[in-house]
Amino acid sequence: GVTSLYWVSAMDPDDEGHLAPLFGRLWSQITWNEPEPLIEARRLVEANPRQVRAQSQLALALARQGECEASTSIFLTLLDQEPSDSDLWEGLFMTHSLNAQGCPDPRQGWAQGLAATDSASVLDAMADSMIAAGESEHALGTRMLARFRFPKNRRVRRALERQGFPLGL
């Protein structure tokens, strides 16, 4: 998600005047850098601008920093080129689940992803995206579809158990 810094301080009003310069010097010493995974992903794309995996890694790194629109844009561009790539669909849905509030409406992507690929990991990521968007019932239905299509898949089984769906007899 998004990295934040909260500053909380309490001081007597009498001390505020002589502590303000100290606070200013302390605050000016903070260095704001991008996280290492994002820096590395940018380097990888710079070195390999046409490589789909490099661009996908950049999109995921951006999503983890709360840059949903940029991440979504990269994934949609890549999906235009490779519409049946399940890793790209999974990445797009991960972006939505990491940033539900700041992302464009994912509903159209759910239908397109379901039509374009048949993968347990995509269905699971899609269900996470649905939960993040407040569509828990649709998520359960998607996970049940994944369970029906991929009955031995552990990831789907664990996700259903986490969602409170009993799997035993």
Side-chain angles (χ1 to χ4, degrees), residues 1-4 34-169:
V2 178
T3 305
S4 311
E34 289 186 327
E36 192 59 39
L38 183 56
I39 293 169
E40 188 57 37
R42 288 188 198 280
R43 279 189 203 131
L44 192 59
V45 168
E46 199 173 287
N48 306 293
R50 292 183 209 179
Q51 188 183 46
V52 173
R53 292 298 145 236
Q55 292 179 32
S56 178
Q57 286 179 358
L58 174 60
L60 282 174
L62 287 166
R64 288 185 180 105
Q65 291 306 306
E67 298 291 335
C68 184
E69 287 187 24
S71 177
T72 300
S73 176
I74 291 170
F75 277 120
L76 291 176
T77 300
L78 294 172
L79 283 164
D80 282 343
Q81 299 165 17
E82 298 287 335
S84 62
D85 188 325
S86 50
D87 289 338
L88 296 176
W89 284 108
E90 186 177 355
L92 177 65
F93 297 136
M94 284 176 61
T95 296
H96 290 154
S97 58
L98 288 170
N99 304 284
Q101 301 302 325
C103 273
D105 188 358
R107 285 170 179 80
Q108 184 179 1
W110 297 338
Q112 291 172 336
L114 192 57
T117 184
D118 191 25
S119 158
S121 61
V122 170
L123 290 172
D124 189 51
M126 184 186 306
D128 287 341
S129 173
M130 290 173 173
I131 289 171
E135 300 284 347
S136 295
E137 289 182 18
H138 288 97
L140 181 58
T142 302
R143 286 208 166 107
M144 290 304 298
L145 174 64
R147 177 87 168 125
F148 176 75
R149 288 185 179 169
F150 309 97
K152 298 194 186 278
N153 188 287
R154 284 191 217 164
R155 179 177 173 174
V156 173
R157 182 181 194 91
R158 280 189 228 128
L160 279 166
E161 289 169 349
R162 273 193 325 269
Q163 207 169 339
F165 191 82
L167 296 173
L169 295 176

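The analysis underlying the following values was restricted to heavy atoms, covering all of them including side chains, and did not include hydrogens, waters or symmetry mates.
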I'd like to check [X] versus [Y] (side-chain heavy atoms, cut-off strictly below 4.5 Å). Are they in contact?
{"X": "Arg43", "Y": "Ile39", "result": "yes"}
{"X": "Trp110", "Y": "Glu135", "result": "yes"}
{"X": "Asp124", "Y": "Glu90", "result": "no"}
{"X": "Leu114", "Y": "Val122", "result": "no"}
{"X": "Val156", "Y": "Leu160", "result": "yes"}
{"X": "Thr77", "Y": "Gln55", "result": "no"}
{"X": "Met126", "Y": "His138", "result": "no"}
{"X": "Gln163", "Y": "Ile131", "result": "yes"}

Would you name the heavy atoms of [X] and [Y] that are closest together and state the gap between them?
{"X": "Pro106", "Y": "His96", "value": "CB-ND1, 3.1 Å"}
{"X": "Gly109", "Y": "Trp89", "value": "O-CZ3, 3.6 Å"}
{"X": "Leu78", "Y": "Ser56", "value": "CD1-N, 3.9 Å"}
{"X": "Pro151", "Y": "Arg147", "value": "O-NH1, 2.5 Å"}
{"X": "Asp85", "Y": "Asp87", "value": "OD1-N, 2.9 Å"}

Donor-acceptor under 3.5 Å ([X] side chain, [Y] main chain):
{"X": "Asp128", "Y": "Phe93", "answer": "no"}
{"X": "Thr72", "Y": "Cys68", "answer": "yes"}
{"X": "Thr95", "Y": "Gly91", "answer": "yes"}

Hey, what do you get for [atom1] ([X]) to [atom2] ([Y]), rounding to the nearest 0.5 Å?
{"X": "Gln81", "Y": "Leu79", "atom1": "CD", "atom2": "CG", "result": "9.5 Å"}
{"X": "Arg64", "Y": "Ser71", "atom1": "CZ", "atom2": "OG", "result": "9.5 Å"}
{"X": "Ser121", "Y": "Met94", "atom1": "OG", "atom2": "CE", "result": "10.0 Å"}
{"X": "Gln65", "Y": "Glu34", "atom1": "CD", "atom2": "CD", "result": "8.0 Å"}
{"X": "Arg107", "Y": "Met130", "atom1": "CZ", "atom2": "CE", "result": "9.0 Å"}

Are more than 12 heavy atoms, taken from residues, nucleotides or ligands other than Gln51, located less than 6.0 Å from that residue's CD atom?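 Yes, because the 6.0 Å sphere around CD of Gln51 holds more than 12 heavy atoms from other groups.
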Are there over 12 heavy-atom neighbours, none belonging to Gln108, within less than 6.0 Å of that residue's CD? no
Audit row: Asp118, Phe150, side-chain contact (heavy atoms from CB on, under 4.5 Å) steps and yes/no: CA-CA 10 Å; Asp118 191 25; Phe150 309 97; 3.7 Å; yes
Ile74 pairs by side-chain contact (heavy atoms from CB on, under 4.5 Å) with which of Leu88, Leu60, Val45, Leu62? Leu62
The test is side-chain contact (heavy atoms from CB on, under 4.5 Å); show your working for Arg42 and Leu58 and say whether it passes. CA-CA 6 Å; Arg42 288 188 198 280; Leu58 174 60; 3.8 Å; yes
Which is it for Arg53 and Leu44 under the side-chain contact (heavy atoms from CB on, under 4.5 Å) test, yes or no, and what are the steps along the way? CA-CA 9 Å; Arg53 292 298 145 236; Leu44 192 59; over 6 Å; no
